[in-house]
Visitor: 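Have a look at this one before I ask anything.
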2 protein chains.
Amino acid sequence: MPAPVRESTVRDTSPMRISARVDYAVRAALHLAAARQDAPIKAEAIAEAQDIPHKFLEGILNDMRRGGLVTSQRGGNGGYRLARAAGAITVADIIRTVDGPLVSVRGVRPPELSYDGPARTLLPLWIALRANVREILEGVSLEDIASDALPSGVADLADDPAAWDNP
Amino acid sequence: MPAPVRESTVRDTSPMRISARVDYAVRAALHLAAARQDAPIKAEAIAEAQDIPHKFLEGILNDMRRGGLVTSQRGGNGGYRLARAAGAITVADIIRTVDGPLVSVRGVRPPELSYDGPARTLLPLWIALRANVREILEGVSLEDIASDALPSGVADLADDPAAWDNP
DNA sequence: CACTATTCCCACCAATCTCATAGGGAAGAT
DNA sequence: ATCTTCCCTATGAGATTGGTGGGAATAGTG
């Protein structure tokens, strides 16, 4: 008889995990970037357009306001606007505002780490990884995304069909 | 009188978070890579050398065995060995084995996402990000790290002093 | 054979994080 | 005044993280 197959229970907590908060924040910001800039946009309108839970989004917009990325206006005909031009807000800005540092290892930022023995060269690896991630996320603005014109280096990466395969 | 300053409570859950599991797994694998290959190494010896909680490490080594990265031997004089040459095991292999996919957005892998409206071009961005992360993590083997010889592209990134600054 | 060493497997735990929901207060517009 | 909209706090279920502990299986040794 066949041996009982053991379930291989794969953990699916990706090291690079873009949270719902970040995803929603970027999409909300894109919605603001795409809108005409004279009138503020209501949270409810963004929530509906982008299919984001309304109250959850309110909290995120609030964080972005505290972080200086958007401004808000209360009362009838109130809403949110970008605080700066869409070309002057990067994805990294948004991530850092709503979710903290881009890269951490065991909860601390790479430069605070110290390794010993054969793991000594692990630190430069994490540093290089972070530099690489920064290069992308700090190099792409809301305007780049909204106008469908990613910087050429980024666009090249996305144009490689292999990049779309799951491993 | 001065207005009361509101605490800006920053969330510190980095999007790219190398977990303790991954950090420990890579360090353990490096310890194995650095050792002479004829005798297996005990979990306890690795735990002590790399300052990793022993029982926690056992679970991680077990995952790596199931994932085919290491082999194990029970009983007196037992322990662990790398299942392949150190040059044939990449950091990405280890991460995928102990922590799942490299990159995910809201828990799913980028190709499964669908965006609408001004967020349409967000997907290529996440794809490019993932490709970039892959390039680093799939391009660095245990041997590269243990011999302190990162691939030139990676080493270049780490050699830039700006890469060591926290933003 | 008994004994010891070591991996292997399972259950458990506390703290934290994620992704929300609910209710009402504050401020601005009409 | 009234209505609209943002702003704040509290609550909560469920998952994840980073562990710990107890024993069962397996291999070598006297």
Side-chain angles (χ1 to χ4, degrees), chain A residues 4 6-15 17-25 28 32 39-48 51-67 70-81 98-100 104-108, chain B residues 3-4 6-15 17-25 27-28 32 39-48 51-67 70-81 98-100 104-108:
Chain A
R6 180 163 295 282
E7 226 26 87
S8 82
T9 24
V10 178
R11 183 178 297 265
D12 73 338
T13 67
S14 309
R17 179 177 161 74
I18 303 297
S19 64
R21 285 180 65 80
V22 164
D23 190 51
Y24 292 163
L32 294 179
I41 315 266
K42 293 188 247 300
E44 178 60 42
I46 305 175
E48 191 167 350
D51 197 33
I52 300 172
H54 169 224
K55 294 293 277 183
F56 193 32
L57 176 61
E58 270 197 356
I60 294 168
L61 286 167
N62 226 311
D63 287 346
M64 287 203 277
R65 178 185 56 86
R66 289 200 193 94
V70 303
T71 59
S72 64
Q73 169 91 14
R74 296 207 250 202
N77 275 56
Y80 295 89
R81 292 186 187 93
V98 306
D99 239 22
S104 73
V105 178
R106 269 168 31 235
V108 313
Chain B
R6 181 162 295 282
E7 224 29 86
S8 84
T9 25
V10 177
R11 180 179 299 264
D12 72 337
T13 66
S14 309
R17 177 175 162 73
I18 304 296
S19 64
R21 285 180 65 80
V22 164
D23 189 52
Y24 292 163
R27 282 157 58 192
L32 293 179
I41 315 266
K42 292 187 249 300
E44 179 60 42
I46 305 175
E48 191 167 347
D51 197 33
I52 300 172
H54 170 220
K55 293 293 280 182
F56 192 35
L57 176 61
E58 269 197 357
I60 295 168
L61 285 166
N62 226 312
D63 286 347
M64 288 204 275
R65 178 187 56 86
R66 288 201 194 90
V70 304
T71 60
S72 65
Q73 169 92 14
R74 295 208 248 202
N77 275 53
Y80 295 88
R81 293 186 187 92
V98 307
D99 239 22
S104 73
V105 178
R106 269 168 31 235
V108 313

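All chains are named by letter (A, B, ...) in the order of the sequence lines, taking the proteins before the strands, and each is independently numbered beginning at 1.
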Visitor: When we call it a touch if two heavy atoms are under 4.0 Å apart, what does B:G59 touch: a base, just sugar-phosphate, or nothing?
Guide: nothing
Visitor: Which heavy atom of B:D23 sits nearest to which heavy atom of B:I18, and what is that distance?
Guide: N-CG2, 4.2 Å
Visitor: Would you mind reading off the distance between B:M64 atom CE and C:dC8 atom C1', rounded to a whole angstrom?
Guide: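 That distance rounds to 15 Å.
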Visitor: In whole angstrom, give the distance that lies between atom CG of A:D63 and atom P of D:dC6.
Guide: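 Whole-Å distance recorded here is 15 Å.
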Visitor: For D:dC8, take OP1 and OP2 only and decide whether either is under 4.0 Å from a side-chain N or O of A:N62.
Guide: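 Checking A:N62 against D:dC8: at least one side-chain N or O falls below 4.0 Å of OP1 or OP2.
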Visitor: Find out whether A:I41 and A:Y80 are in side-chain contact, i.e. whether some heavy atom of one side chain is under 4.5 Å from a heavy atom of the other.
Guide: no
Visitor: Rounding to a whole Å, what distance do you find between A:I60:CD1 and D:dC7:C1'?
Guide: 15 Å
Visitor: If you compare all heavy atoms of B:L32 against all heavy atoms of B:R81, which two are closest, and at what distance to 0.1 Å?
Guide: CD1-C, 4.2 Å
Visitor: Could you encode protein contacts along nucleotides 18-23 of chain D as a string, one character per nucleotide from 5' to 3', using B for base contact, S for sugar-phosphate-only contact and - for no contact, with a heavy-atom cut-off of under 4.0 Å?
Guide: SBBBBB
Visitor: When the distance from CG of B:L61 to C1' of C:dT7 is rounded to whole Å, what number comes out?
Guide: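 After rounding, the reported distance stands at 10 Å.
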Visitor: Just jot down the side-chain hydrogen bond (donor to acceptor under 3.5 Å, both in side chains) partners of A:S72, sequence neighbours excluded, or say none.
Guide: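 For A:S72, no residue satisfies side-chain hydrogen bond (donor to acceptor under 3.5 Å, both in side chains) once neighbours in sequence are set aside.
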Visitor: Can you give me the closest heavy-atom contact between B:A20 and A:R106, atom names plus distance?
Guide: CA-CG, 3.2 Å
Visitor: Is any side-chain heavy atom of A:R66 closer than 4.5 Å to a side-chain heavy atom of A:D63?
Guide: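 The answer is yes, as the side chains (C-beta and beyond) meet within the 4.5 Å cut-off.
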Visitor: Could you give the CG-to-C1' distance, from A:L57 to D:dC7, as a whole number of Å?
Guide: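 For the pair A:L57 CG and D:dC7 C1', the rounded distance is 14 Å.
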Visitor: Measure all distances between protein nitrogen or oxygen atoms and nitrogen or oxygen atoms of nucleotides 27-30 of chain D, and list the pairs falling under 3.5 Å.
Guide:
residue	atom	partner	partner atom	Å
D:dG28	OP1	B:Q73	NE2	3.2

Visitor: Determine, for B:R27 against B:D51, whether the closest basic-nitrogen to carboxylate-oxygen distance falls under 4.0 angstrom.
Guide: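 Judged by the 4.0 Å cut-off on N to carboxylate O distance, B:R27 and B:D51 do not form a salt bridge.
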Visitor: Take the protein atom CD1 of A:I46 and the nucleotide atom C1' of D:dC6, then report the distance between them rounded to whole Å.
Guide: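 One finds 12 Å between C1' of D:dC6 and CD1 of A:I46, rounded.
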Visitor: Under 4.0 Å between a side-chain N/O of A:R65 and OP1 or OP2 of D:dC6, yes or no?
Guide: no
Visitor: Rounded to the nearest angstrom, tell me the gap between atom NZ in A:K42 and atom C1' in D:dT4.
Guide: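 Whole-Å distance recorded here is 8 Å.
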Visitor: Nearest 0.5 Å, what's the NZ-CG distance between B:K55 and B:L57?
Guide: 11.0 Å
Visitor: Consider only side-chain N and O atoms of B:D99 and B:S19, and report whether a donor and an acceptor are under 3.5 Å apart.
Guide: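 The criterion, which ignores hydrogens and geometry beyond distance, is satisfied for B:S19 and B:D99.
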Visitor: Using only side-chain N and O atoms of B:R66, determine if any of them is under 4.0 Å from OP1 or OP2 of C:dT7.
Guide: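 B:R66 to C:dT7 OP1/OP2: no side-chain N or O under 4.0 Å.
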